[in-house]
2 protein chains.
Amino acid sequence: MKPEPVEPELSPAEICRSVGEVLDQIGDKWTVLVMRTLAAGPIRFNELARRVPGVSRKMLTATLRRLECDGFITRTQIPTRQSWVEYALTQLGRDLLGPITVLAEWAFANRGRVLEARARFSERS
Amino acid sequence: MKPEPVEPELSPAEICRSVGEVLDQIGDKWTVLVMRTLAAGPIRFNELARRVPGVSRKMLTATLRRLECDGFITRTQIPTRQSWVEYALTQLGRDLLGPITVLAEWAFANRGRVLEARARFSERS
DNA sequence: CCGGATCCAATCCGATACTG
DNA sequence: CAGTATCGGATTGGATCCGG
């Protein structure tokens with residue numbers, strides 16, 4: 001369901017710009033955690049706040065606004081007696097989780113190599 | 001030359017932790033730009049500073065230290081008449097460029113969808 | 001329940017000047 | 001050439017209070 005295989009070759013300059021932009025969008029403290037939590041299905045604001053450990057409501061609001069603005073999630077008012085707002089991933093958001101998961105799996109598979117490097121570095125300096 | 005295909009299934013909690021750690025490492029302003037520049041081959045400090053547009057020497061130093069500590073690059077003193085220090089990617093660093101490039105290519109292929117979403121968002125609010 | 005608004009501390013980061 | 005040291009503005013993000 002990805003948009004296209006596209007051309008496999010990308011110039012280094014295009015790579016740099018692309019990765020810079022996407023890291024500006026998702027490289028902050030909470031964005032990916034929120035998206036991963038939304039991956040399980042639509043969820044309300046306060047439930048989301050509970051499931052993302054440590055996030056303040058202020059940062060959660062800011063993160064959700066940005067994700068909504070960039071088209072990665074939807075925000076739906078459900079009028080009932082109480083206020084009720086549901087957030088959910090869009091197709092674009094689900095698509096983005098693919099490359100993010102690739103990165104996460106790499107990090108998980110290689111965390112030992114990083115820890116070894118740090119140990120060597122600290123004992124050498 | 002990747003370490004292993006590893007188990008394809010990763011629990012959501014492990015994904016979150018992994019991606020949080022790797023984003024802490026590479027999610028800042030300069031790390032990926034520096035690594036992409038190093039991908040062309042070993043390079044000296046000041047040449048690196050010239051090729052990464054806008055970076056200050058202070059931030060470049062900090063970025064390189066961290067990359068070295070985490071095992072993504074090597075720092076080599078070459079004693080000659082002048083000071084001479086070369087930085088180069090390690091195998092671990094080259095491996096990391098794989099998932100990063102996946103992300104960059106996704107961002108490049110989908111940047112139009114994000115721009116459309118922003119246009120819709122701004123005209124709706 | 002879902003936020004917005006404000007204050008404040010910590011951190012980031014660029015500019016500048018200096019060293020071996 | 002390859003950094004280090006210090007200052008100060010800008011940004012980040014938590015705490016708290018307030019409102020619909």
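Here is how names work: the chains are called A, B, and so on, in the same order as the sequence lines, proteins then strands, and each is numbered from 1.
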Rounded distance in Å - [atom1] ([X]) to [atom2] ([N]):
| X | N | atom1 | atom2 | result |
| --- | --- | --- | --- | --- |
| A/Arg44 | C/dC2 | CZ | C1' | 11 Å |
| A/Ile73 | C/dC2 | CD1 | P | 14 Å |
| A/Glu68 | C/dC2 | CD | P | 15 Å |
| A/Leu48 | C/dG3 | CG | P | 10 Å |
| B/Asp28 | D/dA10 | CG | P | 21 Å |
| A/Leu60 | D/dG14 | CG | C1' | 14 Å |
| A/Asn46 | C/dC2 | CG | C1' | 7 Å |
| B/Ile43 | D/dG3 | CD1 | P | 13 Å |

Do any side-chain nitrogens or oxygens of [X] fall under 4.0 Å of OP1 or OP2 in [N]?
| X | N | value |
| --- | --- | --- |
| B/Ser83 | D/dA2 | no |
| A/Arg65 | C/dC2 | no |
| B/Tyr87 | D/dG3 | yes |
| B/Arg57 | C/dA15 | no |

Please examine the side chains of B/Asp70 and A/Arg118, heavy atoms only from C-beta on, and report whether any two atoms are closer than 4.5 Å.
yes

Would a 4.5 Å heavy-atom cut-off, applied to side chains only, mark B/Arg66 and B/Cys69 as touching?
no

Keeping the roles fixed (side chain from B/Arg111, backbone from B/Phe108), state whether a donor-acceptor pair exists under 3.5 Å.
yes

Check whether A/Thr90 reaches the backbone of A/Phe72 with its side chain - one donor and one acceptor, N or O, closer than 3.5 Å.
yes

Transitively linked via ILVMFWY side-chain contacts under 4.5 Å: B/Val22 with B/Val102?
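As far as the 4.5 Å side-chain criterion goes, B/Val102 and B/Val22 are not connected within one cluster.
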
Record whether the side chain of A/Thr61 comes under 3.5 Å of the base of C/dG4 through a donor-acceptor pair of N or O atoms.
no

Under 4.0 Å, counting only non-hydrogen atoms across every strand here, what does B/Lys58 touch: a base, just sugar-phosphate, or nothing?
base

B/Met59, nearest nucleotide to its side chain (from D/dG3, C/dC13, D/dG13):
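Out of D/dG3, C/dC13, D/dG13, the nucleotide with an atom closest to B/Met59's side chain is C/dC13.
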
Which residue, B/Trp84 or A/Val55, contacts DNA chain D at a nucleotide closer to its 5' end, judged by nearest heavy atom?
B/Trp84

With nearest nucleotide decided by heavy atoms, which residue, B/Val85 or A/Ser56, maps closer to the 5′ end of DNA chain D?
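Closest to the 5' end, via its nearest nucleotide, is B/Val85.
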
